Every structure is written in structure tokens, then in C-alpha cells.
Asker: 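Dropping a structure here in C-alpha cells format, bear with me for questions.
This is a predicted model, so every value here is computed, not measured. Both ligands and their constituent atoms are indexed starting at 1 by order of listing.
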Amino acid sequence: MTSSDLVPALLGGTPVRPQGPPDWPCADDDVLHILQAAYQDGSWGKYHGLYVERLEERLRRYHGVEFALTCASGTFAVELALRALKVGPGDEVILAAYDYGGNFLSVHAVGARPVLVDIHPENWNLDPDHLTGAVGPATRAVIVSHLHGGMVPMREVMALAADRRLWVIEDAAQAPGALIQGRPAGTWGDAGVLSFGGSKLLTAGRGGALLTPHAAVHQRARLWSHRGNQVCPLSELQAAVLLPQLDKLDACNARRRENVALLRERLGEVPGLRPFVNPCAEATPGYYKLGFQFEADRFGLSRDRFVAALRAEGIGFDAGFPALHVGRSPSRFRQAGDLAEAGRAHEGALVMHHPVLLGTREEVEEVVRAVHKIRDHVDQLREGS
Ligand SMILES: Cc1ncc(COP(=O)(O)O)c(C=O)c1O
């Protein structure tokens with residue numbers, strides 16, 4: 001190690017990973033072979049081939065649900081779920097004030113009104129304790145997203161939803177293959193959502209799926225997405241590349257979990273930087289991102305500066321989502337109670353991208369080294385900003 005290795009890359013030192021974060025998707029011979037097969041059998045240019053049907057069957061079996069319907073994106077799958085559950089104008093839908101922004105907009109897309117609730121202080125995911133107080137006469141559904149390795153205790157959500165007669169849409173876009181209280185993410189509610197977008201754990205560049213135990217929901221979603229032809233389909237080629245990835249999902253998730261455990265252990269206590277902790281012990285998380293609670297004052301740097309410093313080291317970090325109540329007109333949602341934690345997440349959520357979690361022990365150590373290098377130079381980095 002030279003003295004330049006000890007200096008943050010933003011201050012002219014040598015980056016911990018000069019090659020940058022690991023690429024995604026990673027090379028996979030099984031994907032190559034299935035693409036070759038789809039070329040040979042002509043599926044690559046057909047409306048209907050072998051692969052979409054096979055993928056829907058595999059998704060059904062993997063998740064143990066009655067119905068799976070693929071479509072063009074996770075965002076569209078959320079809208080389909082809302083429409084298939086007959087949520088529309090005049091209705092309200094509860095969601096966490098810290099969530100994927102597309103979910104808020106999908107509620108608007110069906111003419112309904114979002115109701116925003118606060119999040120859990122430990123993992124910045126939806127907190128079931130806030131649901132009951134948020135239900136009003138027009139509330140019809142709740143969207144529950146598992147975010148950044150955070151898992152929402154679904155048994156509690158389902159009990160409250162049953163009590164108040166709410167539909168539950170469980171968004172597992174960030175957690176395919178995760179287990180919550182013994183069941184796969186996306187299978188607890190009346191509808192579950194998966195995403196196959198370009199950065200996701202199961203990727204086809206674009207794509208999504210709706211899971212449901214209800215024949216009527218499946219049928220209404222199918223009708224909604226057909227106008228003589230399917231309006232937002234998953235293609236045969238996209239379905240083909242997802243098949244081998246689904247076969248490996250459990251093994252990849254297990255490896256990601258091992259590396260998250262190693263990272264937590266090796267990182268130790270860093271003032272102002274705390275990985276999300278799930279309040280629900282009975283959870284086997286999926287890690288599309290690993291979320292962190294960042295406190296700029298305690299760490300000694302602004303979040304933007306910390307992200308810039310990590311990226312300069314070749315480590316894939318980003319700020320989290322903006323909270324949904326910030327910067328939006330209050331006429332576009334109803335606020336249910338105090339949103340203090342969501343406000344903190346708006347300022348302080350950080351996410352680490354997943355590809356490094358399939359890497360070696362040394363690659364995990366590189367993340368730790370980069371964080372400590374930056375932490376040791378916060379005064380100089382603040383001055384240089
Ligand atoms: C929680 C969540 N839900 C839904 C989506 C939407 O998925 P897609 O990009 O396939 O539209 C995303 C995308 O990042 C997400 O993070």
C-alpha cells in the first residue's frame with residue numbers, strides 16, 4: 001500500500017477500485033445459451049413462443065401462487081394491480097411516505113388519492129402500526145413495498161387489512177425471492193409485483209409481473225392489458241433470459257445475504273452510518289440495494305459529498321428516494337399523521353448497489369476500506385467541497 005492509497009480519490013489519491021463498481025448484469029453462459037435457443041427456434045421474432053408461457057408457469061411455481069401475469073414493467077404491474085382490484089376515482093390508497101415515486105403516480109394514474117403514512121425508525125420501510133389510524137371511509141387499498149433490504153412484517157399488515165377490509169398490493173420489485181414470516185415476498189397480498197428492470201436482481205432490461213391468488217384479479221388484469229392485442233407485454237426474448245436467472249435466484253440471494261452479513265460485521269460502528277435493521281426477526285431479506293441511515297452531522301460530511309467520495313473510490317452508492325410528501329402540493333395526497341421518519345429518510349437514506357454483493361470477500365473489504373478512508377478525511381473533504 002502506498003501513501004496515495006490512503007488519500008481519498010476525490011482529493012487526488014488512488015481509488016480503492018480504479019475499475020469502478022462491478023458491472024450488471026454479469027456474464028452468464030446460461031443466458032447466452034437460451035438466447036441462442038430463442039434464435040434457433042424463431043421465438044425472437046414471434047408474438048407467441050415458448051418463453052413467456054414458461055416463465056409465467058415458473059413464476060407461479062416458484063412463488064406458490066395461483067396466477068402470474070407478465071407485463072412490460074413493475075410500474076405497469078402496480079397500475080394493473082390497482083385496476084384489477086377496481087381501485088379508481090374517489091378511492092384512497094395508503095402507502096409509505098418513503099417509497100418508489102412511481103407507486104405514488106400509479107395511484108394517481110387510476111384516479112385515486114394517495115394517503116401517506118410514516119415509516120419504521122429502524123428500517124425506513126412501511127410501519128404497520130401507522131395503518132389503522134390512516135384508514136378513512138374512502139380507503140380501499142394499501143401498497144406495501146420492501147425497500148433496500150428492509151422487509152415489512154406482512155402478517156401484521158394482512159391482519160390489519162382484513163380487519164379494515166383493505167386490498168393489499170405487495171411490491172416485491174426490490175426483493176424477489178426474499179422470505180417474510182415464512183412466505184415469499186409478493187405472495188402475501190391480493191396482488192404482488194415484481195420488476196425485471198435493467199438494474200434489478202432478475203433483469204431483462206425491462207419487464208414486470210403481477211402475482212395473485214385470485215382468479216378474478218388475474219382475469220381483470222388480463223382484460224386490462226388487452227386491446228385486441230397486449231398493450232404492455234413482456235417479449236419472448238425478455239422471458240427467455242429470465243428463466244435461467246430465476247433458477248439461480250435462491251443461490252444468488254444467499255450469497256448476497258452472506259456478503260451483507262460480512263459487510264455489517266467488518267464495517268462495525270461508524271458514527272452517522274447505520275445499515276437498515278429489520279424489526280421483524282422472521283425475515284430472509286432480498287438485497288436489490290442495501291439501505292443505510294446516514295446522519296450528515298454525525299458523519300461529518302453532507303450526504304452528497306459522501307456519495308461523491310464513494311463513487312470516486314469506485315464504490316456504487318447513491319442517495320435514496322426523495323420522500324413522497326416533500327416538494328409536492330398537499331392537494332395531491334392526504335397526510336395521515338406525522339411523517340418525521342420519512343422526512344429523515346428524505347435527507348438521510350443512502351443505498352449501496354447490489355452487484356458487489358455477488359463479489360468476493362476482498363470486494364466487500366474494498367467497500368469497508370473506502371468508507372473508513374473517507375471517514376478519516378472528513379475535514380479535508382469538507383473543505384474541498
Ligand atoms: C419498489 C419499486 N417498485 C416498483 C418499481 C418499478 O419497476 P420498473 O422499473 O420495472 O417499472 C421499482 C423500480 O425501481 C421499485 O424500486
Side-chain angles (χ1 to χ4, degrees), residues 24-25 55 59 68-83 93-110 114 116-117 119-120 123-126 141-152 154 157 168-178 180 184-189 191-211 221 225 231-235 238-239 241-242 245-246 276 278 285-291 316 318-324 342 345-346 349-355:
W24 188 258
L55 178 67
L59 289 171
L69 181 68
T70 55
C71 62
S73 70
T75 305
F76 188 64
V78 171
E79 181 179 333
L80 266 184
L82 289 164
R83 294 196 188 279
V93 178
I94 300 174
L95 69 164
Y98 180 85
D99 196 356
Y100 169 64
N103 288 350
F104 182 95
L105 296 174
S106 293
V107 173
H108 276 283
V110 303
L116 300 181
V117 293
I119 50 180
H120 196 282
N123 74 351
W124 282 349
N125 276 228
L126 185 135
V142 51
I143 298 177
V144 183
S145 301
H146 305 291
L147 298 175
H148 317 337
M151 301 272 103
V152 180
M154 290 305 295
V157 172
V168 176
I169 298 170
E170 188 187 6
D171 182 346
Q174 296 203 359
I180 300 138
T187 67
W188 278 90
V193 167
L194 301 174
S195 162
F196 310 130
S199 58
K200 293 294 188 326
L201 300 182
L202 296 171
T203 178
R206 302 272 174 182
L210 174 73
L211 310 172
S225 44
V231 284
C232 289
L234 192 77
S235 76
Q238 288 172 306
V241 299
L242 288 163
Q245 295 179 65
L246 190 55
F276 283 14
N278 279 314
Y287 289 103
Y288 163 62
K289 316 252 186 203
L290 173 62
D318 261 311
F321 294 139
L324 299 175
H346 177 82
L350 263 183
V351 291
M352 187 184 82
H353 299 287
H354 65 85

Asker: Could you check whether atom CZ of R83 has more than 12 heavy atoms from other residues, nucleotides or ligands sitting under 6.0 Å from it?
Answerer: yes
Asker: Test of understanding: with side-chain contact (heavy atoms from CB on, under 4.5 Å), list the residues that count as partners of A221, not counting sequence neighbours.
Answerer: L69, L80, A84, L210
Asker: State which residues pass side-chain contact (heavy atoms from CB on, under 4.5 Å) with V168; sequence neighbours excluded, sorted by chain then number.
Answerer: V142, V144, M154, V157, M158, A161, D190
Asker: Quick check on ligand 1: any N or O pairs to the protein under 3.5 Å? One line per pair.
Answerer:
unit_1, atom_1, unit_2, atom_2, d
ligand 1, 3 (N), D171, OD1, 3.3
ligand 1, 3 (N), D171, OD2, 2.6
ligand 1, 7 (O), S195, OG, 3.3
ligand 1, 10 (O), G74, N, 2.7
ligand 1, 10 (O), S195, OG, 2.7
ligand 1, 11 (O), G74, N, 3.4
ligand 1, 11 (O), T75, N, 2.9
ligand 1, 11 (O), T75, OG1, 2.5
ligand 1, 14 (O), K200, NZ, 2.8
ligand 1, 16 (O), Q174, NE2, 3.0

Asker: Going by heavy atoms in the side chains, are L116 and L95 under 4.5 Å from each other?
Answerer: yes
Asker: Taking only residues two or more places apart in sequence, or in another chain, which ones meet K289 in a side-chain contact (heavy atoms from CB on, under 4.5 Å)?
Answerer: H148, Q174, V351, H353
Asker: Quick check against the 3.5 Å criterion: does W24 have a side-chain atom that pairs as donor or acceptor with the backbone of K200?
Answerer: yes
